[in-house]
Amino acid sequence: QVQLVESGGGSVQSGESLRLSCAVSGYPYSAQCMGWFRQTPGKEREGVATFDSEGSTHYADSVKGRFTISQDSAKNTMYLQMNSLLPGDTAMYYCAAGDYCSGSLSALSRYEFRYWGQGTQVTVSS
């Protein structure tokens, strides 16, 4: 059974940092697509940062230069380091895994991912 469990969310001030973690079990971690998405009420879930099937990283334009995705294969854990947080980053953040994705359009599309965590809330106040 595939499980993805996020942690590390919280409430911070604008300009501060947070690091999200995603512990993955029951899934061949070395495959394929892994990444972070976020969603606010009334909006679609959007890709934030992902690894595609070739191991390339992809970022939403709104987070480039501020967020960094990484992974520790030995620990089956993925991370999202978020620096210089803005109120617009406030959302529920989800980690996700998929079988195959390639290129930014694919790797940042929620439709390519079929396993999802329960989410962790990030709130940034001004």
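Numbering starts at 1 and runs along the sequence shown. For the numbers below, each heavy atom of this structure counts, side chains included, while hydrogens, waters and symmetry mates do not.
- Between Gln81 and Phe67 there is no side-chain heavy-atom pair separated by less than 4.5 Å.
- Contact between Thr50 and Trp36 at its shortest, heavy atoms only, is CG2-N, 4.2 Å.
- To the nearest 0.5 angstrom, His58 atom NE2 is 8.0 Å from Ser106 atom OG.
- When the options Phe113, Tyr115, Tyr93 are evaluated for a ring pair (Phe, Tyr, Trp, His ring centres under 6.0 Å) with Phe37, the one that passes is Phe113.
- Arg66 approaches Ser84 most closely through the heavy-atom pair NH1-O, 2.9 Å.
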Step by step, work out the side-chain hydrogen bond (donor to acceptor under 3.5 Å, both in side chains) result for Ser102 and Glu54. CA-CA 7 Å; Ser102 179; Glu54 284 77 42; 2.9 Å; yes
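- Nearest approach of Met34 to Met78, heavy atoms of both residues: CB-SD, 3.7 Å.
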Less than 3.5 Å apart, which donor and acceptor atoms pair up between the side chains of residues 16-24 and the rest of the protein, not counting sequence neighbours?
from: Glu16; atom 1: OE1; to: Gln13; atom 2: N; distance (Å): 3.0
from: Ser17; atom 1: OG; to: Asn83; atom 2: OD1; distance (Å): 2.9

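- Shown here for Arg38 and Ala91, the closest heavy-atom pair between the two residues is CB-CB, 3.8 Å.
- Between the CG atom in Leu86 and the OG atom in Ser125 there is a gap of 12.0 Å [rounded to 0.5 Å].
- Between Thr120 and Gly9, the shortest heavy-atom contact is OG1-N, 3.2 Å.
- Side chains of Thr77 and Gln71 form no contact here, defined as non-hydrogen atoms less than 4.5 Å apart.
- The shortest side-chain heavy-atom distance between Ser14 and Pro87 falls under the 4.5 Å cut-off.
- Under 4.0 Å is where a charged nitrogen must lie from a carboxylate oxygen, and between Arg110 and Glu46 no such pair does.
- By the 4.5 Å heavy-atom criterion applied to side chains, Thr90 and Gln121 are counted as neighbours.
- Met92 and Val48 fall into different hydrophobic clusters, defined by Ile, Leu, Val, Met, Phe, Trp and Tyr side-chain heavy atoms under 4.5 Å apart, directly or through other members.
- Hydrophobic clustering, defined by side-chain heavy atoms of Ile, Leu, Val, Met, Phe, Trp and Tyr closer than 4.5 Å, leaves Leu108 isolated from every other such residue.
- One distance of note links CG of Asp89 with OG of Ser62; it measures 7.0 Å at 0.5 Å rounding.
- Using modelled atom types, one side-chain atom of Asp52 and one backbone atom of Gly103 make a donor-acceptor pair closer than 3.5 Å.
- Among residue pairs with one or both ends in residues 55-86, none qualify as disulfide bond (SG atoms under 2.5 Å apart); sequence neighbours excluded.
- Contact annotation: the side chain of Tyr79 never approaches that of Thr68 to less than 4.5 Å [non-hydrogen atoms, C-beta and beyond].
- Looking at Tyr59, its side chain does come within 3.5 Å of a backbone N or O of Ile69 through a donor-acceptor pair.
- Proximity of a side-chain donor or acceptor of Arg45 to a complementary backbone N or O of Gln39 within less than 3.5 Å is not detected.
- Between Trp116 and Tyr94, the angle of the ring planes goes over 60°, which puts this pair in the perpendicular group of the 30/60° scheme.
- In terms of heavy-atom proximity, Cys33 sits nearest to Ser53 at SG-OG, 3.9 Å.
- Residues Asp99 and Arg114 form a side-chain contact, since some pair of their non-hydrogen atoms from C-beta on lies under 4.5 Å apart.
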